[in-house]
Amino acid sequence: MFVLGLMGSPRRQGNSDLLLSAFLEGAQAKGAEVLKVDVAFKNIAPCQECRFCEQHGFCRQHDDDMREIYHLLRRADVVVIATPIFFYGPSAQLKALIDRSQTLWARRYIMKLTDPKAPFRKGFLLAVGATKGKDLFTGTSLTAKYFFDAVGARYEGFLGFRQMEEPEAISRHPTALADAKEKGEELTNAFSARRRALFLCRENAGRSQMAEAFLQYYGGDKFDAQSAGDQPASEVNPLAIEAMAERGIDLAFRRPRGMGEIEDEGRPFDLVVQMGCEQSCPLTPAGRAENWELEDPAGKPLEFMRLIRDEIEKRVKALIAAGV
Ligand SMILES: Cc1cc2nc3c(=O)[nH]c(=O)nc-3n(C[C@H](O)[C@H](O)[C@H](O)COP(=O)(O)O)c2cc1C
């Protein structure tokens, strides 16, 4: 379980920041790995409306921190945005990030590719403003709704607090921080009943990436799938991305991960599958351990990648049918 918090205020330790920290504290208490990104201190250029992403599925602007954000958005099970209300909308810094999610919108709606985690990802908004305005959160809530749709998350609603002007005013509110913490616990809790599965191969660039994505795609309601490699490559094999795209599954923005980056929820894996790692797996699953004898597709043509993809798909479906 990975919970991503996007902090939209330029004021550190201000009201949005405190609310977000409380939310993430709740998520962490339920076993999630959490990360807060200070969006206002990132270098994120606004969308140029060049429509490059609609043709190519990537943003033409490469010189900023948005590539990391795309990666984190794709990794997350829960995305929470926290923002002050500025002129009835989110902060400009957060809005730049939101507009840049047009790339993910294009991959989803124009290229018709499905992010395997999209069907189960959740999105939430924390917002704070100085006035009493009846419609204070209306615009930002709508923006959040469409942002979460573009990034592949179900919008679970918002917590909004009025009449908060000074930094830390929120900490004097009778329930705000406790409410945010409780929301963090609640949204993360929804994932904690899933069985934990881990796929391992040498470079985490092909076989284990495809297996992870298939399990998320076909069984993400019941399984929390991860993958890693004992010698992680620098990028996911482009042919694995292509072969999965032929199935309508989007591996873009995913990265090979080392054994040390496996999310630790304080409970063992129910299933560990190894596919030709150099060393034997140091993890002992609570349930099943399997060794899949599948040839490494690295350096081989697309036709071979397709064969491995199909075999992995078959085996993952069998795992789901067996309930592991
Ligand atoms: C540029 C700017 C615009 C703002 N616009 C609004 C507004 O439209 N409505 C409102 O209630 N508060 C508005 N505020 C006040 C902030 O929303 C408020 O101080 C909030 O608590 C700041 O949150 P933070 O501590 O997370 O930055 C505005 C503040 C600034 C700096």
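Note that ligands are numbered from 1 as they come in the structure, with each ligand's atoms numbered from 1 the same way. Position 1 is the first residue of the sequence, and the numbers go up from there.
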Suppose we measure from atom 12 (N) of ligand 1 to each protein heavy atom; which comes out shortest, and what is that distance?
Ala130 N, 3.1 Å
Can you check whether Asp17 has an N/O within less than 3.5 Å of an N/O in ligand 1?
no
Chi angles and distances behind the side chain to side chain contact (heavy atoms under 4.5 Å, CB included) call for Asp224, Arg195
CA-CA 6 Å; Asp224 178 12; Arg195 298 171 79 72; over 6 Å; no
Which of the atoms of ligand 1 are close to Gly14, meaning less than 4.0 Å from one of its heavy atoms?
25 (O)
Best match, Ser16, Gly139, Ala40: closest heavy atom to atom 26 (O) of ligand 1:
Ser16
Residue Val128 vicinity, atoms of ligand 1 by number, heavy atom under 4.0 Å:
17 (O), 21 (O), 23 (O)
Whether Asp250 and Arg107 form a salt bridge (side-chain N of Lys/Arg under 4.0 Å from carboxylate O of Asp/Glu) is what I want to check.
yes
Within a radius of less than 6.0 Å around NZ of Lys222, do more than 12 heavy atoms belonging to other residues, nucleotides or ligands occur?
no
Test of understanding: given a 4.0 Å heavy-atom threshold, classify the contact between Thr83 and ligand 1 as side chain, backbone, both, or neither.
neither
Which residue and atom name correspond to the protein heavy atom nearest atom 31 (C) of ligand 1, and how close is it?
Phe86 CE2, 3.7 Å
Is it true that Glu313 and Arg315 make a salt bridge, defined as a side-chain N closer than 4.0 Å to a carboxylate O?
no
Can you tell which part of Ser9 has a heavy atom less than 4.0 Å from ligand 1: side chain, backbone, both or neither?
side chain
Decide whether a cation-pi geometry holds between Arg12 and Phe41; the criteria are a distance under 6.0 Å from NZ or CZ to the six-membered ring centre and an angle within 45° of the ring axis.
yes
Fit a plane to each ring of Tyr218 and Phe214, take the angle between them on a 0 to 90° scale, and name the class: parallel (under 30°), tilted (30 to 60°) or perpendicular (over 60°).
parallel
When distances are taken from atom 9 (N) of ligand 1, the protein heavy atom at minimum range is Leu136 CD1, 3.6 Å
Give the residue and atom name of whichever protein heavy atom lies nearest to atom 23 (O) of ligand 1, and the separation in Å to one decimal.
Pro84 CB, 3.3 Å
Stacked cation flag Arg74 on Phe253, 6.0 angstrom / 45 deg
no
Of all protein heavy atoms, the one nearest atom 28 (C) of ligand 1 is Ile85 O, 3.4 Å
Heavy-atom contacts with Met164 under 4.0 Å: which atoms of ligand 1 show up? List them by number with element.
18 (C), 19 (O), 20 (C), 21 (O)
Where ligand 1 meets Phe87 - atom numbers and elements under 4.0 angstrom, heavy-atom basis:
3 (C), 4 (C), 5 (N), 6 (C), 7 (C), 8 (O)
Does this structure show an ion pair linking Glu68 with Lys42, if we count only N-O contacts that are shorter than 4.0 Å?
no
Inter- and intrachain pairs under ring-ring contact (aromatic ring centres under 6.0 Å, His included), touching residues 129-183, at least two apart:
Phe137-Phe158, Phe148-Tyr155, Phe161-His173
Taking only heavy atoms of Tyr88 into account, list the atoms of ligand 1 that are under 4.0 Å away from them.
8 (O)
Quick one: which ligand 1 atoms are inside 4.0 Å of a heavy atom on Gly129?
11 (O), 17 (O)
In terms of residue, atom name and distance, what is the protein heavy atom nearest to atom 19 (O) of ligand 1?
Glu165 O, 3.2 Å
Any donor-acceptor N or O pair under 3.5 Å, side chains Arg67, His62
yes
